[in-house]
> 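Got a structure here, written out as structure tokens. Questions coming.
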Amino acid sequence: MLSIQWSALTGWGTPRIHPYRPLSLEPSSTVLHYAPTLFEGMKAYRNGTDRVSLFRPDMNMKRMNKSASRAALPTFNGGALVELIKKLVALDAHWIPKEPNHSLYIRPTLIGTTPFLGVAPSRDALLFVIMSPVGPYFKNGFKPVSLLATTKYVRAFPGGTGAYKLGSNYAGGLVPQAAAAKEGFDQILWLYNKDGEDYVTEVGAMNLLIVLKRKDGATELITPPLGDMILAGVTRDSIISLAQDHASGKLNIPGLPNDLIVTERQITMNEIADASNEGRLLEVFGAGTAAVVCPVERIGYKEKNITVPTGKDGLGPITKAMLGEITNRQAGIVPSEWSVEVPPFA
Ligand SMILES: Cc1ncc(COP(=O)(O)O)c(C=O)c1O
């Protein structure tokens, strides 16, 4: 693991790579009481036989610094942390499984460690990075999931912390997730009610994408816009940027329609239900580093079920095309400026 101490008096200390081991914290540490803790989730991929790369690590660093600012924790030089993560990954590269679709999950974390019970910004912090080999999210092919769309629980709200990757956002999601499971749904579709309309935000711990046939016949790929309530997902950004390149003619992605329109806009449950009733709801999927894409087959909303079409192999054509485009860039099959090489350990 990698550890770097910070204090308000002396700034960032010397980074150290050392064996994985327990942390030693004062019981009065701020993180244990007021939860100044945030994290990132990224992966190191094998490119062919012996090359290793990261996927858009600059995006994770940008988001981690944004989270740090929101949690009153220290910000840092993102480029410097990427260099340290490269060293750590290179040292442990033998832990990256050789099987297809496997990778090394990387978990950078930042916690406030000041031993002080006053509710105040931490004056000491610890940034650490741990890692673990991981296999594919769906082990036996893509299995579409069911979502419970509810306003009983709220993940994020204007002025809140939903757009930041703070640990405290996730503890509050555990009971709603268990409640959804009890009702027979795989995940929660987080809504936000405004002026009587239920706007969709995110699904579980993933961004949400919806494909509709518009009334003018064009196909629209929609995702809620970033702001206070949506986490700026690296996968979300990669999907919309590739789809936009296809829509503008810069790139030709087989499987995507020529008349594709890509929009970041608010969308309500009523619009999704209407599209479904009119046979215009084409695909719904989650997007995140863990699964890349996660197809949705059913949304429970106000005691009714909205059925979402999925393809033969569990993936709709746009979901499948985006999965291929992203995984090919992660695995170095399609060369991309998003792929950042990890030089071998020297
Ligand atoms: C709440 C939430 N939304 C979206 C995402 C997807 O983000 P990314 O694509 O960067 O993994 C994650 C996972 O990191 C998440 O925790």
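Remember, it's 1-based here, ligands and their atoms both numbered in the order they're listed.
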> Check for me whether M59 has a heavy atom closer than 4.0 Å to any atom of ligand 1.
no
> In plain terms, say whether R236 and E264 are close enough for a salt bridge, that is, a side-chain N and a carboxylate O under 4.0 Å apart.
yes
> I need the atoms of ligand 1 closer than 4.0 Å to a non-hydrogen atom of G233, numbered in the order shown.
7 (O), 8 (P), 9 (O), 10 (O)
> Any luck finding a side-chain donor-acceptor pair between S29 and T113 under 3.5 Å?
no
> Return the residue, atom name and 0.1 Å-rounded distance of the protein heavy atom closest to atom 15 (C) of ligand 1.
A205 O, 3.2 Å
> Salt bridge check: are E83 and K87 linked by an N-O gap of less than 4.0 Å?
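Salt bridge between E83 and K87, a charged N being under 4.0 Å from a carboxylate O: no.
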> Heavy-atom contacts with Y170 under 4.0 Å: which atoms of ligand 1 show up? List them by number with element.
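Result: 1 (C), 2 (C), 15 (C), 16 (O).
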> Considering the heavy atoms of G288, write down every atom of ligand 1 situated less than 4.0 Å from one of them.
6 (C), 9 (O), 11 (O)
> Tell me whether E202 has any N or O atom under 3.5 angstrom from an N or O of ligand 1.
yes
> In terms of side-chain geometry, is the basic nitrogen of K320 or D313 positioned less than 4.0 Å from the acidic oxygen of its partner?
yes
> Could you pull out, from V234, I230, T235, the option with a heavy atom nearest to atom 10 (O) of ligand 1?
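The option holding the nearest heavy atom is V234.
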> Atoms of ligand 1 less than 4.0 Å from K165 heavy atoms?
12 (C), 13 (C), 14 (O), 15 (C), 16 (O)
> Consider ligand 1: state whether an atom of it lies below 4.0 angstrom from any non-hydrogen atom of R155.
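True for this residue.
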> Is any NZ, NE, NH1 or NH2 atom of the basic residue among E283 and K213 found under 4.0 Å from an Asp or Glu carboxylate oxygen of the other?
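Looking at E283 and K213, the cut-off is not met.
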> Parallel, tilted or perpendicular, judged at 30° and 60°: which one describes the rings of W12 and W6?
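Tilted, since the angle between the ring planes falls between 30° and 60°.
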> Is A287 near ligand 1, meaning one of its heavy atoms is under 4.0 Å from it?
yes
> Take a 6.0 Å sphere around CZ of R280 and say whether it holds more than 12 heavy atoms from other residues, nucleotides or ligands.
yes
> Run through R63, K165, K66 and flag the one making a salt bridge (Lys or Arg N to Asp or Glu O under 4.0 Å) with E40.
R63
> Please confirm whether R63 comes within less than 3.5 Å of ligand 1 when only nitrogen or oxygen atoms on both sides are compared.
yes
> Where does T289 meet ligand 1, judged by heavy-atom distances below 4.0 Å: at the side chain, the backbone, both, or neither?
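T289 to ligand 1: contacts from backbone and side chain alike.
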